[in-house]
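First comes the structure, then the notes that go with it.
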Amino acid sequence: MHPATLRRNNVKVFGKGTQPMLFAHGFGCDQHMWRFVTPAFENDYRIVLFDYVGSGKSDLAAYDAERYALLEGYTQDVLDICYELDLHDVIFVGHSVSCMVGVLAANREPELFERLVMIGPSPRYINDAPDYVGGFERADIEGLLEMMEKNYIGWANFLAPAIMKNPDRPELTGELEASFCSTDPIIAKRFAEATFFADNRADLPAVLVPSLIMQCSDDMIAPNAVGDYLSRELPGSTLHTLKATGHCPHMSHPDETIAVMREYLRSPVAAPHAEQRAG
Amino acid sequence: MTRHDGDAIDPLLDGEPCGFISFLDDGSVRVANQTLANMLGREREEIIGKHVEGILTVGSRIFYQTHFFPLLRLHGHADEIFLLLRAKSGEDIAVLANAIRRERDGEWITDAVLLRLVERRKFEDALLEAKRAAELATVELKHQRKIAEDANRAKSAFLAMMSHELRTPLNAIGGYVQLIEMGVHGPVNDAQREALGRVTRSQQHLLRLINDLLNLARIESGRIDYDLQAISLDEVVQATIPMIEPQLAARGLRYELNVPPDLRAQADREKVEQILLNLLSNASKFTPAGGCVSIEAEIAIDSDEMVELRVRDTGVGIPKNRLEQIFEPFVQVENSRAARVEGSGLGLSISREMARGMGGDILAESAVGVGSTFEIRLRRG
């Protein structure tokens with residue numbers, strides 16, 4: 001259906017199992033971020049890794065500013081990969097912004113997904129007074145955009161053209177790997193805006209796929225209040241608060257992350273809206 | 001004050017002119033030097049043991065979580081990262097961070113050096129501002145260019161139409177004059193014949209002018225097709241000479257040829273002949289009797305992919321400051337010693353446009369009182 005999808009999204013498939021675990025990276029990263037946890041699941045699952053268009057080693061020529069201005073565009077990447085690989089009973093593992101991409105994908109094709117594993121999810125990053133605490137004000141996000149602009153001037157503007165013009169010089173690609181996972185400052189900025197200006201609260205009650213919310217302790221990007229909100233609004237969700245601090249427990253505390261995921265995957269599926277699914 | 005063993009700070013580090021901080025993967029700060037504490041206006045104890053995010057602005061905290069930490073974790077180092085620190089006073093301090101993550105005493109520790117960037121930040125802000133302004137200017141420029149191009153196209157279309165409209169009655173004038181001269185409408189006496197001759201000459205002059213205008217309009221509106229082939233420059237010259245010979249002889253001018261027989265250009269033969277004829281006609285018009293016009297050709301000195309066909313005269317010459325202008329439409333260089341010479345002033349403009357249309361160009365060199373050289377550059381065939 002989409003023969004170019006696998007190349008476009010730099011899809012990697014490995015592992016000895018049959019049930020697919022689809023790992024979706026967060027903003028600012030690429031599929032490399034999963035390398036501390038995937039070995040633990042390789043023997044039992046079919047691991048699918050990918051880079052969103054605009055990140056990692058995806059095909060930048062496929063980047064469409066309009067499509068990727070909203071999370072729906074990233075959701076389409078996920079669904080395209082599912083269609084192309086004919087994935088079913090997918091365990092979707094998302095980090096950060098990808099958790100909401102998982103929600104949107106599950107709402108569009110609930111039959112494709114068995115469970116959603118969400119690491120550091122947030123349905124909305126910006127506070128919505130008086131009732132919703134996302135953790136940020138709009139000005140904070142502007143501050144992030146400034147930070148990105150400054151840093152990408154140095155790295156991306158310098159490196160990207162050199163790499164694109166020298167595909168035969170792998171040492172330059174090595175330098176890319178040592179830099180940020182998205183090299184194009186405009187693409188990275190759009191991804192940041194799509195992420196931090198999104199509001200997916202209204203999508204939560206419709207989710208038919210059971211989910212695990214992995215809430216970090218002391219995560220400034222997704223504070224505890226957000227985890228609580230999600231566990232209230234997301235049908236069939238299980239909230240687990242990690243001892244791990246920060247926003248990237250799969251990188252900072254992979255052992256605990258793996259253990260919690262394993263435990264959840266062993267537990268029976270708590271089907272939300274059981275009556276709706278049956279009906 | 002409690003500290004881990006081995007965390008005792010080197011006094012040298014304290015006096016360094018840059019901030020230094022060590023923290024664990026969970027963000028908790030182990031070491032901070034005095035320079036960093038001074039930068040932030042805090043006591044060292046307010047930093048150590050807390051999360052490293054505590055010294056960052058909110059934007060920088062997000063950046064730390066989404067970029068800085070993943071870089072450290074995936075690659076073991078992060079180089080030249082721009083960050084904003086938040087001082088106790090609330091002031092933002094721009095720093096450049098270099099960090100390494102490594103195992104020490106069974107723990108993964110990141111050591112980071114923070115260099116203040118006061119002036120550099122101003123410079124970068126100005127750079128970014130200039131970039132934005134340049135982007136805006138580019139958009140505006142594109143818009144202006146489109147308006148100008150539209151206007152130019154309209155002008156060319158108008159010229160083309162007017163030229164056609166003018167040619168029709170002029171041709172009618174020429175035809176009827178010819179009929180009268182032939183005596184179709186009765187006998188013609190000498191005085192009438194002379195008058196008719198003047199009418200014919202004026203009619204032909206006007207027709208040439210209008211044809212030139214039409215050509216220019218066609219070139220400007222991009223409606224000229226070029227039939228590019230490998231052509232012999234010698235053949236082009238041999239075909240052109242008979243057309244100009246009578247004019248040269250009438251003005252008492254000699255001519256010399258130096259064109260290698262095997263030199264070829266990738267060009268439209270008819271257009272090259274037209275250009276050459278125009279240059280030769282100019283040379284003959286502006287060279288006083290007894291002078292010489294020479295035609296030479298060779299492979300370009302600066303590129304063996306180009307050939308040069310030159311027309312050199314010993315004429316009145318063109319002042320340096322007018323040399324570029326002569327290629328503008330309707331320009332003739334006025335010269336006190338030469339009477340104003342007949343012509344529309346479009347010849348060189350058209351010639352150059354045509355040469356460029358074939359991937360070449362026309363260049364001119366001149367010295368007043370010595371002579372001029374016009375060089376047609378063409379792709380080698």
Side-chain angles (χ1 to χ4, degrees), chain A residues 25-30 32-36 95-97 120 125 135-137 139-155 157-158 174-175 177-182 188 191-192 195-196 216-222 243-254, chain B residues 23-29 50-54 56-86 92 94-101 107-108 110 117 120-132 135:
Chain A
H25 67 82
F27 159 72
C29 280
D30 64 16
H32 285 104
M33 72 182 325
W34 297 112
R35 72 173 191 231
F36 308 108
H95 173 235
S96 198
V97 64
Y125 294 90
F136 298 99
E137 294 301 331
D140 299 331
I141 305 304
E142 308 287 348
L144 166 72
L145 295 178
E146 184 202 343
M147 205 63 51
M148 288 175 55
E149 194 167 38
K150 284 284 171 55
N151 280 303
Y152 281 80
I153 282 178
W155 269 116
N157 281 2
F158 171 68
E175 282 190 60
E177 279 171 6
S179 75
F180 305 127
C181 299
S182 172
F191 196 6
T195 298
F196 290 103
C216 292
S217 308
D218 205 12
D219 177 0
M220 62 91 56
I221 291 190
K243 287 190 198 77
T245 54
H247 186 59
C248 306
H250 53 305
M251 286 193 272
S252 63
H253 302 74
Chain B
F23 54 89
L24 302 178
D25 276 355
D26 68 5
S28 58
V29 177
K50 308 274 170 46
H51 199 287
V52 67
E53 284 170 355
L56 300 173
T57 63
V58 179
S60 292
R61 289 177 193 175
I62 308 175
F63 194 78
Y64 169 83
Q65 291 290 353
T66 54
H67 289 78
F68 196 83
F69 178 69
L71 266 185
L72 285 169
R73 188 66 182 93
L74 293 173
H75 305 295
H77 62 100
D79 304 320
E80 299 191 31
I81 305 293
F82 176 91
L83 291 172
L84 285 176
L85 305 186
R86 177 63 51 86
D92 290 351
V95 294
L96 202 60
N98 277 313
I100 299 179
R101 178 178 175 271
E107 282 181 316
W108 284 93
T110 297
L117 280 179
R120 193 165 146 169
R121 189 186 178 201
K122 282 185 201 156
F123 175 75
E124 284 189 353
D125 282 342
L127 204 67
L128 275 176
E129 195 46 52
K131 186 167 156 263
R132 278 192 207 103
E135 280 164 3

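Letters A, B, ... mirror the listed sequences (proteins, then strands); counts begin at 1.
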| message | Tell me whether the rings of A:F27 and B:H67 are parallel (<30°), tilted (30 to 60°) or perpendicular (>60°). | response | perpendicular
| said: Please classify the contact of A:E146 with chain B as side chain, backbone, both or neither, using a heavy-atom distance under 4.5 Å. | reply: side chain
| Do you know which of A:R35, A:M33, A:H253 has the most heavy-atom pairs with chain B at a distance under 4.5 angstrom? | A:R35
| With no hydrogens and no angle check, is any side-chain donor or acceptor of B:N98 less than 3.5 Å from a backbone partner on B:E80? | yes
| task | Answer yes or no: is there a side-chain heavy-atom contact under 4.5 Å between A:F36 and B:L74? | result | yes
| remark: Interface check, chain A: of B:L72, B:L24, B:D25, B:L84, most non-hydrogen pairs under 4.5 Å belong to B:L84
| note | Scanning both residues in full, the closest heavy-atom pair of B:L71 with B:A78 reads CD1-CB, 4.0 Å
| query | Would a distance-only check, ignoring hydrogens and angles, find a side-chain to backbone donor-acceptor pair under 3.5 Å from B:H51 to B:D26? | reply | yes
| note | Residue from B:T66, B:L83, B:D92 scoring the most non-hydrogen pairs under 4.5 Å with chain A is B:T66
| query | Considering only heavy atoms, which portion of A:D218 lies under 4.5 Å from any heavy atom of chain B: side chain, backbone, both, or neither? | reply | side chain
| field | Top of A:E137, A:M251, A:H247, A:H95 for chain B proximity - count of heavy-atom pairs under 4.5 angstrom | value | A:M251
| message | Can you tell me which portion of A:Y125 sits under 4.5 Å from chain B's heavy atoms? Options are side chain, backbone, both or neither. | response | neither
| request: Select one option (side chain, backbone, both, neither) describing which atoms of B:Q65 are under 4.5 Å from chain A's heavy atoms. | output: both
| Nearest heavy-atom pair of A:F191 and A:G26: which atoms, and what distance? | CE2-O, 4.3 Å
| Side chain, backbone, both or neither: which part of A:S252 has an atom under 4.5 Å from a heavy atom of chain B? | both
| Once the angle between the rings of B:F69 and B:Y64 is folded into 0 to 90°, is it parallel (under 30°), tilted (30 to 60°) or perpendicular (over 60°)? | tilted
